[in-house]
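Only heavy atoms go into these numbers, but all of them, side chains included; no hydrogens, no water, no symmetry mates.
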Amino acid sequence: SILGEGIDGKGRGLMEKLLRIDRRIIFVFVAVAVIVSLLLEFRLPVPPTPPVENIFSKIESLPPGAHLLLAFDYDPSSKEELQPMAIALLHHCYQKNLRVIGMTLWPGGTGLAEQAVTQVASQYGKKNGEDYVFLGYKPGVASLIINMGEDLYTAFPKDFYGNDTSTLPALKGVESLKDIDYVIDLAAGATIETWIAFGKEKYRFEMGAGCTAVIGPDLYPFLDSRQINGLMAGLKGAAEYESLVGREAQATEGMRPQSVTHVLVIVFILFSNAVFILSGGLRTVRRGK
């Protein structure tokens, strides 16, 4: 390259050494960046985006006593991204005195879901069966959603604790998914699409969604087509919702090391490309052709 012509032998040798740097040194830089960002107290702004604000606005518009179904369709492997979303949503629901119906289509999500629903409820003095219901897990996925759309009580005759669901005051006025005021699916897989295809499109309820960052881009077409009215993607989406609810917690704290690490990765990319160009790498590539 033109820039590489002006570097002497020693300089070029240094450049080549930098290009062959042991990757473990980069790992050390990343580890130090994460540790320092966790130890230092500083706040990074996380302005809410419209897809997240739409979910918040929908819940804000619901009257006290309205029914919100929250599906915890994830397991411990996705806990760090999705559990903060669930907790922030539950705080909002209980603040608004909504009746929460919790469930999961993932067998591994039962413990996380039950823990979130009951722990947040206890902070507001909410009672199981009266202010919220946890239905637990039941196999079937698409067939279960269709069953819930026809008759909630045949789909879940008992709740997670063995109570007869038809006698629970929190489910008063609900016969099927058609009577649910809002459905939110927090997913680490393809269950959002399943809820849309076999639930929303068939029984015409309004729906929002939360997902891991890696599958977020795949769901924006559903957002653009208004098949879901809002979307929270990854830890950033959870942090945005925490700021809207006014309860900055795990997601907001997690954004600090995540953002610092992203900046460090960008610096490494810029640095490595600069070294590559200065070392005559572009010329070498051209000659190889």
A.B. asks: Is there a side-chain contact between Leu69 and Ile184, using heavy atoms and a 4.5 Å cut-off?
C.D. replies: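 No, every pair of side-chain atoms sits at 4.5 Å or beyond.
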A.B. asks: Have a look at Cys93 and tell me which of Leu62, Val245, Val100, Val117 forms a side-chain contact (heavy atoms from CB on, under 4.5 Å) with it.
C.D. replies: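 Answer to the side-chain contact (heavy atoms from CB on, under 4.5 Å) test with Cys93 among Leu62, Val245, Val100, Val117: Val100.
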A.B. asks: Parallel, tilted or perpendicular for Tyr94 and Tyr124, by the 30°/60° rule?
C.D. replies: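 Aromatic pair Tyr94/Tyr124 classed tilted.
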A.B. asks: Taking Met103 as the starting point, is it possible to reach Phe160 by hopping between hydrophobic residues whose side chains are less than 4.5 Å apart?
C.D. replies: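 Looking at the clustering, Met103 is in a separate group from Phe160.
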A.B. asks: Give a yes or no on this: more than 12 heavy atoms of other residues, nucleotides or ligands lie within 6.0 Å of atom NZ of Lys79.
C.D. replies: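 No - once you tally the heavy atoms of other residues, nucleotides and ligands closer than 6.0 Å, there are 12 at most.
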A.B. asks: Could you check whether the rings of Phe134 and Phe72 sit parallel, tilted or perpendicular, using 30° and 60° as the cut-offs?
C.D. replies: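 If you compare the ring of Phe134 with that of Phe72, the planes turn out perpendicular.
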A.B. asks: Look at the side-chain heavy atoms of Ile, Leu, Val, Met, Phe, Trp and Tyr, link any pair under 4.5 Å apart, and say whether Val141 and Leu219 land in one connected group.
C.D. replies: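 Linked, Val141 and Leu219 end up in one cluster.
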A.B. asks: Identify the heavy atoms of Ala155 and Met148 that sit nearest to each other, and give their distance.
C.D. replies: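 Distance-wise, the nearest heavy atoms are CB-CG, 3.6 Å.
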A.B. asks: For a quick test of reading the model, state the closest non-hydrogen atom pair linking His67 to Lys172 and the distance between them.
C.D. replies: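 Heavy atoms only, the tightest pair is CE1-O, 3.2 Å.
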A.B. asks: List the steps and the verdict of side-chain hydrogen bond (donor to acceptor under 3.5 Å, both in side chains) for Thr154 and Asn147.
C.D. replies: CA-CA 7 Å; Thr154 59; Asn147 195 355; 3.0 Å; yes
A.B. asks: Step through the shown structure and confirm whether more than 12 heavy atoms of other residues, nucleotides or ligands are within 6.0 Å of NZ on Lys202.
C.D. replies: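 No, NZ of Lys202 has 12 or fewer neighbouring heavy atoms, counting only those of other groups under 6.0 Å.
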A.B. asks: Test of understanding: clusters of I, L, V, M, F, W, Y form through side-chain heavy atoms closer than 4.5 Å, transitively. Do Leu231 and Trp195 belong to the same one?
C.D. replies: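 Both belong to a single hydrophobic cluster.
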A.B. asks: Might you point out which heavy atoms bring Leu105 and Tyr137 nearest each other, and give the distance in Å?
C.D. replies: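 Distance-wise, the nearest heavy atoms are O-CE1, 3.4 Å.
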A.B. asks: If we only count heavy atoms from C-beta on, is the Asp75 to Leu112 side-chain gap below 4.5 Å?
C.D. replies: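 No, every pair of side-chain atoms sits at 4.5 Å or beyond.
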A.B. asks: If you take all heavy atoms of Gly149 and Ser176, which pair is closest and at what distance?
C.D. replies: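 Smallest heavy-atom distance, with atoms named: O-CB, 3.2 Å.
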A.B. asks: Hey, are the side chains of Lys178 and Arg204 touching, using non-hydrogen atoms and a 4.5 Å cut-off?
C.D. replies: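 The answer is no; the side chains never approach within 4.5 Å.
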A.B. asks: Looking only at heavy atoms, which two atoms of Ala238 and Glu81 are closest? And how far apart?
C.D. replies: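 That would be CB-O, 4.0 Å.
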A.B. asks: Gln83 and Tyr74: side-chain hydrogen bond (donor to acceptor under 3.5 Å, both in side chains), yes or no, with the steps?
C.D. replies: CA-CA 9 Å; Gln83 191 77 344; Tyr74 57 91; 2.5 Å; yes
A.B. asks: Just by distance, no angles: are the side chains of Glu60 and His92 close enough, under 3.5 Å, to form a donor-acceptor pair?
C.D. replies: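 Note: Glu60 and His92 side chains meet the donor-acceptor criterion.
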A.B. asks: Decide whether Tyr203 and Tyr153 are clustered together by the hydrophobic rule: side chain heavy atoms of Ile, Leu, Val, Met, Phe, Trp, Tyr closer than 4.5 Å, transitively.
C.D. replies: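 They do share one cluster, since a chain of ILVMFWY contacts under 4.5 Å joins Tyr203 to Tyr153.
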A.B. asks: State yes or no: do Ile196 and Leu70 share one hydrophobic cluster built from I, L, V, M, F, W and Y residues joined by side-chain heavy-atom distances below 4.5 Å, directly or via other members?
C.D. replies: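 Cluster IDs for Ile196 and Leu70 differ.
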A.B. asks: Can you give me the closest heavy-atom contact between Lys200 and Arg226, atom names plus distance?
C.D. replies: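 Looks like CE-O, 4.0 Å.
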A.B. asks: Under the side-chain hydrogen bond (donor to acceptor under 3.5 Å, both in side chains) rule, what do Tyr241 and Glu53 come out as? Steps first, then yes or no, please.
C.D. replies: CA-CA 8 Å; Tyr241 207 88; Glu53 289 179 327; over 6 Å; no
